[in-house]
Amino acid sequence: RLRRAMATFKRVGTLHTFHDKMVNGMVAKGYDRDFASRCFRQIEGFGSYGFPESHAASFALLVYASAWMKCRYPDVFACALLNSQPMGFYAPSQIVRDAREHGVDVREVDVNFSDWDCALEEGDSLLQSAGEGARPLHPRHATQASDILGHRAVRLGFREIAGVREEDMRRVAEARGGGYDSLRDLWLRTGLSPAVMERLAAADAFRSLGLDRREALWAARGLNRAGDKDDLPLFARAAAVESEPDANLPPMPPGEHVVEDYRHLSLSLKAHPVSFLRALLNGRGIVKNGTLGAGQPRVSIAGLVIVRQRPGTAKGVIFMTLEDETGVANVIVWPKVFERERAKVLGGRFVAVTGKLQNEAGVIHVIADRIDDLTPMLGLLSEEGAQLSALANADEVRRPQEREKQSRAGPDLFGHAPPANDDRARREARAAAAAMPKGRNFH
């Protein structure tokens, strides 16, 4: 308790409560009371700013060991961090992104391969150009190629799926044997409830059975659930039917797949959400985070807000981290800008930032002077949203004067009047935005 009282500013003023215990204890051990009192006064003076050397040495060792492991075995390091969630500064999606940039093959959750925890799987060296699924290092990390010793793949575990129980998922792994050959086979062997089967389907965990998310959901909802009080009316006579006929389901758009991945897994291996919006961002003069460098005095960038920091020693300055399909960008928001753009900084999940580029010894920041909340654009990832976007662009070409008109609801982000089915578009935009990470806040 004494060490903790010394090690944090929040406990300043509590050291005196240890005076009698320490002094009397030293006297009982044969020390002079005056000497004991002077020792305590030294500790008391040091405690207002001090940090125990034992704590500092221990922390330094942990940092060094972690850095060594991340450099030599990025596969092991990422797998261990994912299995230790929730923790620390970075969310699973950032851990996965960084691992893939370091050449690690990260594989999706699958009922035939995943366990509860994330695990390492054998595979070809991902630092070589040959081999299926080979993943090169990101240019930023190319110089580390000779340092990396770990070349195994990371299989995501069932723990990444929102709303499933460890007990149920361990049953899936234990009953698997030589593998499942159908969704119904898994259901019969494990005895999982239809609700759990639907969660697995929604997480796109049946790819090894040849079922994508939409097909798996259709199959899960068509299981024989006679007597189930929650059975759907459409399947009320399922007791007399072994299986539903194959349905010719329309394919789910890639952007919608990514939204569903974020909704059920908090990350996606298929693509980054911003990649689907790149053409629109290019039209606004917004550059990719991975292209930031020297010779750009003023830039506009955009990305998902993954971290907001407001250190107590920064005098009100906000540090934001934005992520797009090419990497992350660091943004500095001065107090005056923050007060003006407060709602966008704190509430935006997908924002654009315009400002001065600062490059100090290769460390790049954007000093924000304007922030735009682009969160409604995430609705374009859905099927309906993509159609509305295409219509809006076509309308702009045919009748550019329409950009000058505004309905009662006002224009959208590109100056177009809201379409007739605007309510549906707004619902989809809200749903897509809700699936994206809120961003982690640190004060």
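Contact of the F319 side chain with the V331 side chain is not registered, since no non-hydrogen atoms from C-beta on lie closer than 4.5 Å. Inter-residue side-chain proximity for E166 and R159 is flagged as unmet; no heavy-atom pair is nearer than 4.5 Å. Counting heavy atoms from C-beta on, the side chains of T326 and T291 never come closer than 4.5 Å. Looking at heavy atoms from C-beta onward, E215 lies out of side-chain contact with L209 at the 4.5 angstrom threshold. Side-chain contact between V111 and L186 is present, with at least one heavy-atom pair separated by less than 4.5 Å. For the pair W218/L211, no side-chain contact is recorded, criterion being any heavy-atom separation below 4.5 Å from C-beta on. Here the side chains of P273 and L381 are in contact, with some heavy-atom distance below 4.5 Å. Residues R207 and D110 form a side-chain contact, since some pair of their non-hydrogen atoms from C-beta on lies under 4.5 Å apart.
Pairing each heavy atom of V154 with each of C118, the nearest pair is CG1-CB, 4.5 Å. Nearest heavy-atom pair, L322 versus N289, reported as atom, atom and distance to 0.1 Å: O-ND2, 3.4 Å. In plain terms, the two heavy atoms of R199 and I161 that are nearest each other are O-CG2, 4.2 Å. Minimum interatomic distance between S268 and D261 (heavy atoms only, all atoms of both residues): OG-OD2, 2.8 Å. Closest of all the heavy-atom pairs between D115 and A173 is OD1-CB, 3.4 Å. Listed here is the closest heavy atom pair of L267 and L269: CD1-CD2, 4.2 Å.
Here R342 pairs with E339 in a salt bridge; the nearest charged N to carboxylate O distance falls below 4.0 Å. Taking a cutoff of 4.0 Å between a charged side-chain nitrogen and a carboxylate oxygen, R152 and E121 do not qualify as a salt bridge. In summary, D168 and R170 do not engage in a salt bridge, as defined by a charged side-chain N under 4.0 Å from a carboxylate O. Ion pairing between a basic and an acidic side chain is recognised when a charged N comes within 4.0 Å of a carboxylate O; D98 and K70 show such pairing. A salt bridge links R370 with D372; the closest basic N to acidic carboxylate O contact falls under 4.0 Å.
Rounding to the nearest 0.5 angstrom, the gap separating the CD1 atom in I364 from the CG atom in N330 is 9.0 Å. With rounding to the nearest 0.5 Å, the separation of CG in D75 from CZ in F77 is 11.5 Å. Taken to the nearest 0.5 Å, the CG atom of L81 stands 11.0 Å off from the OH atom of Y90. The structure places OG of S93 at 11.0 Å from CG of L265, a figure rounded to the nearest 0.5 Å. Distance check: N112 CG to F206 CZ gives 9.5 Å after rounding to the nearest 0.5 Å. L192 CG to M197 CE: the interatomic distance, rounded to the nearest 0.5 Å, is 6.5 Å.
With hydrogens and angles disregarded, a donor-acceptor distance shorter than 3.5 Å links the side chain of R213 to the backbone of A202. Between the side chain of Y180 and the backbone N or O of V172 there is at least one donor-acceptor pair closer than 3.5 Å. Put simply, the side chain of S114 gets close to the backbone of L156: a donor and an acceptor are under 3.5 Å apart. D373 contributes no side-chain N or O that, together with a main-chain N or O of K344, makes up a donor-acceptor pair within less than 3.5 Å. Side-chain atoms of R155 come within 3.5 Å of backbone atoms of E108 as a donor-acceptor pair (strictly under, hydrogens ignored). For the pair R340 (side chain) and D369 (backbone), a donor-acceptor distance under 3.5 Å is present. Using modelled atom types, one side-chain atom of R349 and one backbone atom of A434 make a donor-acceptor pair closer than 3.5 Å.
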Does the side chain to side chain contact (heavy atoms under 4.5 Å, CB included) test come out yes or no for W334 and I318, once each step is laid out?
CA-CA 7 Å; W334 295 115; I318 302 287; over 6 Å; no
Given the rule in the side chain to side chain contact (heavy atoms under 4.5 Å, CB included) test, do R176 and R171 qualify, once you have shown the distances and angles that lead to the verdict?
CA-CA 8 Å; R176 183 159 52 213; R171 200 186 316 167; over 6 Å; no
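Ring geometry, Y262 versus H272: the interplanar angle exceeds 60°, so the pair is classed perpendicular (tilted spans 30 to 60°).
Counting heavy atoms of neighbouring residues, nucleotides and ligands inside a 6.0 Å radius, atom NZ of K270 exceeds 12 of them.
When the side chain to side chain contact (heavy atoms under 4.5 Å, CB included) test is applied to R278, the partners found at least two apart in sequence or on another chain are V274, L281, N282, I286, K288, D324, E325.
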